[in-house]
Amino acid sequence: MSTPIAFLKGHGTENDFVIIPDPDNAIDLPPAAVAALCDRRAGLGGDGLLHVVRSAAHPEAKAMAAEAEWFMDYRNGDGSIAEMCGNGVRVFARYLQRAGHVTEGDLAVATRGGVKTVHIDKDGDVTVGMGKARLPEGDVTVSVGERSWPARNVNMGNPHAVAFVDDLAHAGNLYSAPPFSPASAYPDGVNVEFVVDRGPAHVAMRVHERGSGETRSCGTGACAVAVAAARRDGTDPAVTGTPATYTVDVPGGTLVITERPDGEIEMTGPAVIVAEGSIDMDWLENAAS
């Protein structure tokens, strides 16, 4: 029998992940293996997979090794590669703390979306510096059934279309990706957020994550929503000179997003490790074949 490999399960506001510690980048994780592990009935179950690798050991992260010892090699639940995952970064940091690689305080995590600064608070929350949003020009529309809405195009290192709606139920079941136009706006697909107001600087959202379907939370999506809401509300920090903070309710909990006048965005929320064990490699090889 092949040697089993270790795994953990964790979540951030119920956006859940399979965690595979692999400091030396010695474990082959093809898309079919990732999809098998993330399968909620036949596998471990997860919205995505966090492959924990030392930056110096991964060809995509070597250039960041001087800034960040650890690389979050993030995969979507269908096995596809993604640039970034905000909830994933918090859970990634929590794993590093649990494993004794880091302590409370500041650290840096390398991602395909660049190096992210992280702060592990004493109260248990984790704050992630998410970088700056880009707002590509051009009109975008998203649709569900007979309804359609204008959407704000926000890029957080990964693409988002943010639509403000009257009722979150209008998003439908979100099993499949909501249609969008023009197709040229998102040649590689897009994460779509549907947003309603809950009060001053307080919104709620549902999201279809590209490659995963509807998830209980999306960190980069919550950031995109806060940026879009600030522009809609006339509270763009670059214009007002004052930070804009939004409370964003997701199905799995609450995130607090702050955009500073310099454009830097911070996300604060919980991160929990719930289990650990080992994977039977014979099963994985068969499941992925």
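The figures that follow rest on heavy atoms only: side chains count, while hydrogens, waters and symmetry mates do not.
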Compile the donor-acceptor pairs under 3.5 Å between side chains in residues 268-278 and protein atoms, sequence neighbours left out, one pair per line.
residue: Thr268; atom: OG1; partner: Thr127; partner atom: OG1; Å: 2.8
residue: Glu276; atom: OE2; partner: Arg98; partner atom: NH2; Å: 2.8

request  = Using side chain to side chain contact (heavy atoms under 4.5 Å, CB included) as the criterion, point out the one residue from Leu8, Val91, Leu49 that pairs with Phe17.
outcome  = Val91
inquiry  = Quick check: is Val225 connected to Val140 through a chain of hydrophobic side chains (ILVMFWY, heavy atoms under 4.5 Å apart)?
reply    = no
task = Could you walk me through whether Ile5 and Thr3 pass side-chain contact (heavy atoms from CB on, under 4.5 Å), step by step?
result = CA-CA 7 Å; Ile5 59 175; Thr3 303; over 6 Å; no
inquiry  = I want to check something: taking the side chain as every heavy atom from C-beta on, are Asn158 and Arg112 in contact at a cut-off of under 4.5 Å?
reply    = no
Separation of Met156 CE from Cys218 SG (nearest 0.5 Å) = 10.0 Å
ask   = Would you say the side chain of Tyr95 lies within less than 4.5 Å of the side chain of Pro21, judging by non-hydrogen atoms?
value = yes
request  = State, yes or no, whether a side-chain contact exists between Ile257 and Thr245 at a heavy-atom distance under 4.5 Å.
outcome  = no
inquiry  = Check Asp197 with Arg232, please: is the shortest side-chain N to carboxylate O separation under 4.0 Å?
reply    = yes
message = Is any side-chain heavy atom of Val162 closer than 4.5 Å to one of Val195?
response = yes
Separation between NZ of Lys132 and CD1 of Ile265, rounded to the nearest 0.5 Å = 10.0 Å
request  = Using distance alone, with no hydrogens and no angle criterion, decide if Glu266 and Thr258 have a side-chain donor and acceptor under 3.5 Å apart.
outcome  = no
query = Going through the distances and angles, do Lys9 and Ile19 end up as a side-chain contact (heavy atoms from CB on, under 4.5 Å)?
reply = CA-CA 6 Å; Lys9 270 294 300 283; Ile19 305 163; over 6 Å; no
remark   = Between Arg198 and Ala204 the two heavy atoms that sit nearest each other are NE-CB, 3.6 Å
For residues 183-193, tabulate all N or O donor-acceptor pairs below 3.5 Å that involve a side-chain atom, not counting sequence neighbours.
residue: Tyr186; atom: OH; partner: Asn153; partner atom: OD1; Å: 3.1
residue: Tyr186; atom: OH; partner: His160; partner atom: O; Å: 3.1
residue: Asn191; atom: OD1; partner: Arg210; partner atom: N; Å: 2.9
residue: Asn191; atom: ND2; partner: Pro159; partner atom: O; Å: 2.9
residue: Glu193; atom: OE1; partner: His160; partner atom: ND1; Å: 3.4
residue: Glu193; atom: OE2; partner: His160; partner atom: ND1; Å: 2.8

Asp249 CG to Met205 CE distance, which is reported to the nearest 0.5 Å = 10.5 Å
task = Run the numbers on His101 and Val52 for side-chain contact (heavy atoms from CB on, under 4.5 Å), then give the verdict.
result = CA-CA 12 Å; His101 297 306; Val52 184; 5.9 Å; no
key: Hphob cluster co-occupancy, Val128 + Tyr74, side-chain heavy atoms under 4.5 angstrom   = yes
ask   = For the hydrophobic clusters of this structure (ILVMFWY residues joined by side-chain heavy atoms under 4.5 Å, transitively), does one cluster hold both Leu255 and Ile120?
value = yes
inquiry  = Suppose we screen for ring-ring contact (aromatic ring centres under 6.0 Å, His included). Which residues come up paired with His58, at least two apart in sequence or across chains?
reply    = Phe71
remark   = Of all heavy-atom pairs linking Ala228 and Val154, the shortest is CB-CG2, 4.5 Å
request  = Could you tell me whether Asp233 atom CG has more than 12 heavy atoms of other residues or ligands within 6.0 Å of it?
outcome  = yes
request  = Taking the side chain as every heavy atom from C-beta outward, state whether Arg152 and Leu135 have any atom pair closer than 4.5 Å.
outcome  = yes
message = Check for me whether the distance between the ring centres of Phe194 and Trp149 falls short of 6.0 Å.
response = yes
key: Side-chain touch Met130/Thr220, heavy atoms, less than 4.5 angstrom   = yes
query = Are any of the side-chain heavy atoms of Met72 and His51 separated by less than 4.5 Å?
reply = no
ask   = Is the backbone of Pro251 close enough, under 3.5 Å, to the side chain of Arg216 for a donor and an acceptor to pair up by distance?
value = yes
request  = Give the minimum heavy-atom separation between Ser217 and Thr13, together with the two atoms involved.
outcome  = OG-OG1, 2.6 Å
task = Look at the side chain of Asp280 and the backbone N and O of Asp282, then say whether any donor-acceptor pair between them is shorter than 3.5 Å.
result = yes
query = Which atoms form the tightest heavy-atom contact between Ala93 and Val102, and what is the distance?
reply = O-CG2, 4.2 Å
Which atom of Ala110 lies closest to which atom of Ser55, heavy atoms considered = CB-OG, 3.6 Å
Please tabulate, for the side chains in residues 164-176, all donor-acceptor contacts under 3.5 angstrom to protein atoms that are two or more places apart in sequence or on a different chain.
residue: Asp167; atom: OD1; partner: Ala169; partner atom: N; Å: 2.8
residue: His170; atom: NE2; partner: Arg147; partner atom: NH2; Å: 3.4
residue: Asn173; atom: OD1; partner: Tyr175; partner atom: N; Å: 2.9

task = Would you check if Thr117 and Asp106 make a side-chain contact, meaning some heavy-atom pair closer than 4.5 Å?
result = no
message = Between Val207 and Val250, is there shared hydrophobic-cluster membership here, with clusters defined by ILVMFWY side-chain heavy atoms closer than 4.5 Å?
response = yes
query = Given the rule that I, L, V, M, F, W and Y join up when any side-chain heavy atoms are under 4.5 Å apart, are Val196 and Tyr246 in one cluster?
reply = no
message = As an exercise, state the distance from CZ of Phe7 to CG of Leu50, rounded to the nearest 0.5 Å.
response = 13.5 Å
ask   = Do you know which two heavy atoms are closest between Val115 and Ala108, and how far apart they sit?
value = CG1-CB, 3.8 Å
task = Would you check if the side chain of Asp24 reaches a backbone N or O of Ala26 as a donor-acceptor pair within less than 3.5 Å?
result = no
note = In this structure, SG of Cys223 is separated from CD of Glu259 (nearest 0.5 Å) by 9.5 Å
request  = Kindly compute the distance separating CG (Leu284) from CD1 (Ile279), expressed to the nearest 0.5 Å.
outcome  = 6.5 Å
inquiry  = Can you list, by chain and residue number, the hydrophobic cluster partners of Val256 when the side-chain cut-off is 4.5 Å?
reply    = none
Run the side-chain donor-acceptor check on residues 33-42: report pairs under 3.5 Å with partners two or more places apart or on a different chain.
residue: Asp39; atom: OD1; partner: Arg41; partner atom: N; Å: 2.8
residue: Asp39; atom: OD1; partner: Ala42; partner atom: N; Å: 2.7
residue: Arg40; atom: NH1; partner: Asp16; partner atom: OD2; Å: 3.0
residue: Arg40; atom: NH2; partner: Asp16; partner atom: OD1; Å: 2.7
residue: Arg40; atom: NH2; partner: Asp16; partner atom: OD2; Å: 3.4
residue: Arg40; atom: NH2; partner: Asp47; partner atom: OD1; Å: 2.9

